[in-house]
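The structure appears right after this line, and notes come after that.
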Amino acid sequence: LRDGVAVDTESAVAAIARESTIDVSATSVHIDGIDVTRDIRTPEIDRAAASVARLPSVREILVERQRALGAGGGIVMEGRDIGTVVFPGADVKVYLDADAEERARRRTSDPAHTGVPRAVAEVAT
């Protein structure tokens with residue numbers, strides 16, 4: 001989005017995924033040296049991520065990167081296909097299920113769906 005690339009242009013998005021430097025620490029996420037820790041929890045980015053996640057070549061690149069992050073072990077990741085696609089041989093997998101009411105409650109308080117970063121939402125309440 002920052003580069004003005006349409007999220008459905010697979011070759012362009014794949015090139016960005018391949019060439020970008022992504023640094024993840026316990027407290028922050030940086031892409032190409034830019035702190036995106038808060039930005040990645042916005043509705044706009046949530047929608048864009050859902051779109052690019054459907055692109056096969058982008059998925060391939062990002063799964064490779066996720067596997068590299070977890071290569072040394074001792075890592076916790078969450079996501080829809082982490083245990084089935086990214087780390088099918090993981091030592092420990094935890095699957096949590098919640099009823100529709102609980103999922104709706106969580107979604108209404110999730111910054112990715114409300115547009116209000118958690119830190120701001122917590123201060124406001």
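The basis for the numbers below is simple: all heavy atoms, side chains too, and nothing from hydrogens, waters or symmetry mates.
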For a quick test of reading the model, state the closest non-hydrogen atom pair linking [X] to [Y] and the distance between them.
{"X": "Met77", "Y": "Gln66", "answer": "CE-O, 3.5 Å"}
{"X": "Thr37", "Y": "Ile40", "answer": "O-CG1, 3.4 Å"}
{"X": "Ala48", "Y": "Leu1", "answer": "CB-CD1, 3.7 Å"}
{"X": "Ser20", "Y": "Arg65", "answer": "O-NH2, 2.5 Å"}

Item checked: Point-to-point distance, once rounded to the nearest 0.5 Å, from CG of Leu62 to CD1 of Ile22 -> 6.0 Å

Notebook entry, point to check: Could you give the distance from OH (Tyr95) to OG1 (Thr84), rounded to the nearest 0.5 Å?
Noted result: 11.0 Å

Check: Are the side chains of Arg47 and Thr42 in touch, meaning some heavy atoms are under 4.5 Å apart?
Finding: no

Could you list the residues that satisfy side chain to side chain donor-acceptor pair (under 3.5 Å) with [X], not counting sequence neighbours?
{"X": "Ser51", "value": "none"}
{"X": "Ser25", "value": "Ser28"}
{"X": "Asp23", "value": "none"}

I'd like to know if the side chain of [X] and the backbone of [Y] have a donor-acceptor N/O pair within less than 3.5 Å.
{"X": "Asp35", "Y": "His30", "value": "no"}
{"X": "Lys93", "Y": "Pro88", "value": "yes"}
{"X": "Asp99", "Y": "Glu102", "value": "yes"}
{"X": "Arg54", "Y": "Ala50", "value": "yes"}

Note to self: In this structure, would Val29 and Ile34 fall into the same cluster of hydrophobic residues linked by side-chain contacts under 4.5 Å?
What the structure shows: yes

Notebook entry, point to check: Linking I/L/V/M/F/W/Y whenever their side-chain heavy atoms sit closer than 4.5 Å, directly or via other members, would Leu96 and Val92 fall into one cluster?
Noted result: yes

Next item on the list: Assess whether atom CD of Glu101 is packed by more than 12 heavy atoms of other residues, nucleotides or ligands within 6.0 Å.
Entry: no

Check: Are Arg2 and Asp39 ion-paired here, with the side-chain N under 4.0 Å from a carboxylate O?
Finding: no

Check: Looking at Arg67 and Glu64, does any basic side-chain N land under 4.0 Å from a carboxylate oxygen?
Finding: no

Item checked: Step-by-step side-chain contact (heavy atoms from CB on, under 4.5 Å) determination, Val86 to Arg59 -> CA-CA 10 Å; Val86 182; Arg59 285 184 64 79; over 6 Å; no

Check: Taking Val13 as the fixed residue, which of Ile61, Asp3, Asp8, Leu55 is the one that meets the side chain to side chain contact (heavy atoms under 4.5 Å, CB included) rule?
Finding: Leu55

